[in-house]
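Data first, discussion second: the structure below is written as structure tokens.
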Amino acid sequence: MSIIVSNITKIYGTQKALEGVTLEIKPGGITGLLGPNGAGKSTLMKILTCFIPPTSGTATVCGFDIFDQTIEVRKKIGYLPENNPLYLDLYVREFLGFIAGTHQMKGNIANRVAEMIEMTGLETEQHKKIGALSKGYRQRVGLAQAMIHDPEVLILDEPTSGLDPNQLLEIRHLITEVGKTKTVMMSTHIMQEVEAICNRSIIIHQGRIVADDSTGNLQQVVTSKTIIKIEFGAAVRREVLMHVQGVTEVIHPDEFVEQHTTRAKQKTSTPGKESLIWYLVSQTGEDIRAAVFQFAVDHKYTVLSLQKEEQKLEEVFQELTRDYVIPDSA
């Protein structure tokens with residue numbers, strides 16, 4: 001295993017930042033670490049990188065213990081902290097050469113610096129002082145310093161913070177490519193980013209892990225209901241569709257948007273309302289598309305499109321971290 005965490009707890013005074021966190025991350029792939037502000041994400045990353053010790057519990061990185069083998073752990077890890085501390089008076093190339101020296105790298109350091117500059121898209125900024133760079137380019141410098149010593153594990157705390165849309169796509173691509181050969185753990189508040197590049201998602205809330213699964217599976221863990229979006233060739237009344245086998249709720253598009261943006265409770269349905277598009281809900285978790293299609297055929301309705309709606313990771317995150325009550329220890 002690249003990372004093994006066993007029952008880690010961290011207490012600051014009277015505040016428990018982490019409580020009994022246990023997880024294993026195998027070599028390769030990208031793991032997204034999610035959670036509200038103050039959930040304990042950065043604390044866990046600082047423990048794994050040997051910046052702070054846990055109050056109790058233990059962890060290993062690439063087989064090295066975070067207590068007894070801190071130097072070996074740090075050799076195996078590339079770390080980009082949330083605040084991305086940089087020497088603003090140094091030039092980009094100068095700074096990366098300095099970081100390579102602190103890692104006591106062997107071989108041609110100049111070539112490695114040039115390689116990292118190209119990989120992170122810093123060619124046009126390499127002769128500038130870091131203090132003169134935009135936040136997005138400073139973030140790239142932070143990524144370059146984290147990877148310059150070719151670590152086996154990358155721990156990235158909000159790595160795409162401050163990037164514009166084009167830079168965001170480039171850094172996502174870079175992290176995806178790196179994840180093919182290295183173990184990457186990254187925290188982020190951008191759910192679309194997790195859905196796009198993370199193989200696995202871990203959600204932390206109030207210092208504990210409340211969900212841990214592949215990103216695809218995690219999108220289905222909160223609810224067993226199935227939502228089908230159907231578009232007809234002519235307007236259909238709501239109450240007619242309530243007769244479809246397995247359908248427990250029929251939602252108008254305006255109501256669906258409201259529910260999925262404000263998380264508000266559904267308003268009372270308007271009797272007799274017609275629409276070309278409807279969302280049909282089944283609480284059984286079964287795929288009702290065949291039943292919906294057969295109903296349309298039997299009633300001679302023209303169906304222009306029929307698709308199953310996937311639950312967004314953002315909805316899962318909100319469900320798991322809103323008013324979540326930590327159970328008492330047994």
Side-chain angles (χ1 to χ4, degrees), residues 1-12 15-85 99 102-103 139 142-161 175 178-179 181-189 193-194 197-215:
M1 295 288 180
S2 286
I3 299 174
I4 299 177
V5 176
S6 180
N7 203 30
I8 287 287
T9 293
K10 179 64 178 179
I11 302 174
Y12 295 102
Q15 177 67 38
K16 274 188 179 179
L18 294 172
E19 184 174 358
V21 171
T22 296
L23 61 89
E24 295 183 356
I25 299 178
K26 297 180 180 179
I30 303 171
T31 298
L33 192 61
L34 314 176
N37 290 332
K41 306 184 300 298
S42 294
T43 296
L44 178 59
M45 290 181 163
K46 289 176 182 177
I47 289 172
L48 292 176
T49 52
C50 302
F51 273 74
I52 60 174
T55 304
S56 62
T58 188
T60 61
V61 177
C62 299
F64 296 105
D65 187 87
I66 61 168
F67 284 109
D68 302 326
Q69 299 167 297
T70 58
I71 298 299
E72 295 303 321
V73 169
R74 290 171 180 175
K75 288 179 181 179
K76 297 294 183 179
I77 285 179
Y79 179 39
L80 174 61
E82 183 180 10
N83 60 353
N84 190 16
I99 296 297
T102 63
H103 286 291
Q139 202 70 2
L143 280 169
Q145 68 81 24
M147 296 187 292
I148 196 164
H149 58 297
D150 196 24
E152 295 181 29
V153 176
L154 272 178
I155 295 183
L156 312 175
D157 201 351
E158 301 286 348
T160 56
S161 174
I175 294 173
V178 170
T181 56
K182 301 182 186 299
T183 301
V184 179
M185 173 187 280
M186 59 176 283
S187 69
T188 180
H189 290 292
E193 188 166 281
V194 178
I197 68 175
C198 292
N199 314 102
R200 175 182 173 188
S201 297
I202 299 173
I203 299 180
I204 295 182
H205 187 46
Q206 297 179 10
R208 287 188 177 183
I209 293 176
V210 296
D212 181 359
D213 207 335
S214 69
T215 302

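Every heavy atom of this structure was used, including side-chain atoms; hydrogens, water molecules and symmetry mates were not.
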I'd like to know if the side chain of [X] reaches the main chain of [Y], judged simply by a donor and an acceptor atom lying under 3.5 Å from each other, with no hydrogens or angles considered.
{"X": "Arg74", "Y": "Cys50", "answer": "yes"}
{"X": "Glu152", "Y": "Ile77", "answer": "no"}
{"X": "His205", "Y": "Leu34", "answer": "no"}
{"X": "Gln145", "Y": "Gly142", "answer": "yes"}
{"X": "Thr22", "Y": "Asn7", "answer": "yes"}

If I take atom [atom1] from residue [X] and atom [atom2] from residue [Y], how far apart are they, to the nearest 0.5 angstrom?
{"X": "Leu154", "Y": "Tyr79", "atom1": "CG", "atom2": "OH", "result": "12.5 Å"}
{"X": "His149", "Y": "Lys76", "atom1": "NE2", "atom2": "NZ", "result": "10.0 Å"}
{"X": "Glu72", "Y": "Phe64", "atom1": "CD", "atom2": "CZ", "result": "4.5 Å"}
{"X": "Thr70", "Y": "Phe51", "atom1": "OG1", "atom2": "CZ", "result": "11.5 Å"}

Task: Single hit among Leu23, Val210, Val21 for side chain to side chain contact (heavy atoms under 4.5 Å, CB included) with Ile202 - done: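 Testing each of Leu23, Val210, Val21 against Ile202, the sole residue satisfying side chain to side chain contact (heavy atoms under 4.5 Å, CB included) is Leu23.
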Open item on the list: Which residue is it: Thr183, Val153, Ile3? I am looking for the one with a side chain to side chain contact (heavy atoms under 4.5 Å, CB included) to Cys62.
Closed with: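 Looking at Thr183, Val153, Ile3, the match for Cys62 under the side chain to side chain contact (heavy atoms under 4.5 Å, CB included) is Val153.
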Hey, does [Y] have a side-chain heavy atom less than 4.5 Å from the side chain of [X]?
{"X": "Asp213", "Y": "Arg200", "answer": "no"}
{"X": "Thr31", "Y": "Ser201", "answer": "no"}
{"X": "Thr60", "Y": "Ile66", "answer": "no"}

Open item on the list: Quick one about Thr9 and Glu19 (side-chain donor to acceptor, distance below 3.5 Å, no hydrogens or angles considered), yes or no?
Closed with: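 No, Thr9 and Glu19 have no side-chain donor paired with an acceptor closer than 3.5 Å.
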Taking salt bridge (charged side-chain N to carboxylate O under 4.0 Å, His left out) as the definition, give me every residue that meets it alongside [X], ordered by chain and number, with sequence neighbours left out.
{"X": "Glu158", "answer": "none"}
{"X": "Lys182", "answer": "Asp150"}
{"X": "Asp65", "answer": "none"}

Testing the basics here: between [X] and [Y], what is the closest heavy-atom pair and its distance to 0.1 Å?
{"X": "Leu80", "Y": "Gln139", "value": "CD2-NE2, 3.8 Å"}
{"X": "Gly57", "Y": "Ile8", "value": "C-CD1, 3.7 Å"}
{"X": "Pro151", "Y": "Met147", "value": "CD-O, 3.6 Å"}

Acceptor/donor pairs from residues 41-49 side chains to any protein atom, 3.5 angstrom cut, sequence neighbours excluded:
residue: Lys41; atom: NZ; partner: Gly35; partner atom: O; Å: 2.9
residue: Lys41; atom: NZ; partner: Pro36; partner atom: O; Å: 3.2
residue: Ser42; atom: OG; partner: Asp157; partner atom: OD2; Å: 2.7
residue: Thr49; atom: OG1; partner: Met45; partner atom: O; Å: 2.8
residue: Thr49; atom: OG1; partner: Lys46; partner atom: O; Å: 3.2

Open item on the list: Met186 vs Glu193, test: side-chain contact (heavy atoms from CB on, under 4.5 Å). Steps then yes/no.
Closed with: CA-CA 10 Å; Met186 59 176 283; Glu193 188 166 281; 3.1 Å; yes
Task: Non-neighbouring partners of Asn199 that pass side-chain contact (heavy atoms from CB on, under 4.5 Å), sequence neighbours left out - done: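 By the side-chain contact (heavy atoms from CB on, under 4.5 Å) rule, Asn199 matches Ile30.
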TODO: Return the set of residues passing side-chain contact (heavy atoms from CB on, under 4.5 Å) with Thr55 (not counting sequence neighbours), or none when no residue passes.
DONE: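 Thr55: side-chain contact (heavy atoms from CB on, under 4.5 Å) contacts with Lys10, Ile11.
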TODO: Quick one: do Ile25 and Met185 satisfy side-chain contact (heavy atoms from CB on, under 4.5 Å)? Show the steps, please.
DONE: CA-CA 9 Å; Ile25 299 178; Met185 173 187 280; 3.2 Å; yes
